[in-house]
Amino acid sequence: MKKIFGLFLAMIMMTSFLGGCVPKKEVKIVDLKEVHAAVKEALGEDYYANRELTVEEIKDLTGIKEEDIEVFIAEVPMISVNVDTFIAIKAKEGKGAVIEDSLEKHRKFLVEESLQYPMNMPKVNSAKVVRHGDYVFFLMLGKYDDRQEATEEERLEFAKAEVKKVEDIINKFFE
């Protein structure tokens, strides 16, 4: 019985040791200005977020605290008819999940509770939060679907594809 117990204890210790040796996934250090420039270049004239937000406006909009932010770029349209929003935040170390949660709550509020122009609903419903470690992004961007005969579902798929393009650009910075 002592041998079995000893063997069991040895297995637990070995598992703990090996578990501790698993390398953590390293997230690259990325310049948010480069990410922002790549997104703007890819969207061209369809990048409508042209007014920078202050840290106070980010807090009012999303609930994110200034002390959780290391660096950020945040833009919304100057004309309030559009909803396009680009938020890129490098959180203070270990605060990525906090930022992600706040941005996800903001996204959920926009989808479930905010009043929107009908033309903006596909973009709002396609908004996405993307996280790479302590880098967190809120994406509600892209071209408007100008097809006259498109159904609501087709417009939603179009908007999702636009956000996916931006997400793919961001993901390349972290490969």
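Heavy atoms only: backbone and side chains are in, while hydrogens, waters and symmetry mates are out.
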Next on the checklist: Grouping I, L, V, M, F, W and Y whenever their side-chain heavy atoms are under 4.5 Å apart, do Val166 and Leu110 come out in a common cluster?
Outcome noted: no
Checklist entry - Less than 4.5 Å apart, any side-chain heavy atom of Asp84 and any of Tyr47? => result no
Item to check | Pair Tyr144-Asp46, side-chain hydrogen bond (donor to acceptor under 3.5 Å, both in side chains): steps then yes or no | outcome: CA-CA 8 Å; Tyr144 281 93; Asp46 297 316; over 6 Å; no
Checklist entry - Between the side chain of Glu157 and the main-chain N/O of Glu154, is any donor-acceptor distance below 3.5 Å? => result no
Checklist entry - Quick one: do Tyr135 and Leu141 end up in the same hydrophobic cluster if we chain Ile, Leu, Val, Met, Phe, Trp and Tyr together by side-chain heavy atoms under 4.5 Å apart? => result yes
Item to check | Glu66 atom CD, over 12 foreign heavy atoms within 6.0 Å | outcome: no
Checklist entry - Is a donor on one side and an acceptor on the other found under 3.5 Å between the side chain of Glu34 and the backbone of Asp31? => result no
Checklist entry - Between Glu153 and Phe158, is any pair of side-chain heavy atoms under 4.5 Å apart? => result no
Checklist entry - Counting only heavy atoms not in Glu67, do more than 12 fall under 6.0 Å of its CD? => result yes
Checklist entry - Roughly how far, to the nearest 0.5 Å, is the NZ atom of Lys128 from the CD1 atom of Ile170? => result 10.0 Å
Item to check | side-chain contact (heavy atoms from CB on, under 4.5 Å) evaluation trace for Met119 with Val81 | outcome: CA-CA 9 Å; Met119 69 181 208; Val81 174; 3.3 Å; yes
Next on the checklist: A side-chain contact here means heavy atoms from C-beta on lying under 4.5 Å apart; do Lys28 and Phe173 qualify?
Outcome noted: no
Checklist entry - Does any non-hydrogen side-chain atom of Leu43 lie less than 4.5 Å from one of Tyr48? => result no
Checklist entry - Between Tyr117 and Asn82, is any side-chain donor less than 3.5 angstrom from a side-chain acceptor? => result no
Checklist entry - Has the side chain of Asn125 got a donor or acceptor atom that lies under 3.5 Å from a matching backbone atom of Met121? => result yes
Item to check | Separation between NE2 of His106 and OG of Ser114, rounded to the nearest 0.5 Å | outcome: 8.5 Å
Next on the checklist: Keeping Thr62 on the side-chain end and Asp60 on the backbone end, is there a donor-acceptor pair under 3.5 Å?
Outcome noted: no
Next on the checklist: Is there a path of hydrophobic side-chain contacts, each under 4.5 Å between heavy atoms, that joins Val130 and Val71?
Outcome noted: yes
Checklist entry - Does the side chain of Ile69 come within less than 4.5 Å of Lys95's, by heavy atoms? => result no
Item to check | Criterion side-chain contact (heavy atoms from CB on, under 4.5 Å) on Phe137 and Val35, from CA distance to verdict | outcome: CA-CA 10 Å; Phe137 302 84; Val35 175; 3.9 Å; yes
Checklist entry - Is the closest side-chain heavy-atom distance between Leu53 and Glu56 below 4.5 Å? => result no
Checklist entry - Within a reach of under 6.0 Å around CD of Glu113, are more than 12 heavy atoms found that belong to other residues, nucleotides or ligands? => result yes
Item to check | Verdict with supporting geometry, Lys59 and Ile64, side-chain contact (heavy atoms from CB on, under 4.5 Å) | outcome: CA-CA 5 Å; Lys59 180 183 175 196; Ile64 294 171; 5.9 Å; no
Checklist entry - Are Glu75 and Arg51 close enough that some pair of their side-chain heavy atoms sits under 4.5 Å apart? => result no
Checklist entry - Does Phe72 belong to the same Ile/Leu/Val/Met/Phe/Trp/Tyr cluster as Val76, with side-chain heavy atoms less than 4.5 Å apart forming each link? => result yes
Item to check | Pair Phe138 and Phe86, ring centroids less than 6.0 Å apart | outcome: no
Checklist entry - For Glu152, does the CD atom sit with more than 12 other heavy atoms under 6.0 Å from it, leaving out its own atoms? => result no
Item to check | Lys123 side chain vs Gly142 backbone, donor-acceptor pair below 3.5 Å | outcome: yes
Checklist entry - So, do Leu156 and Ser126 sit near enough that their side-chain heavy atoms are less than 4.5 Å apart? => result yes
Checklist entry - Can you check whether Glu149's main-chain N or O pairs, donor with acceptor, with Arg147's side chain at less than 3.5 Å? => result no
Next on the checklist: Checking the side chain of Asp68 only, and the main-chain atoms of Ala91 only, is there a donor and an acceptor separated by less than 3.5 Å?
Outcome noted: no
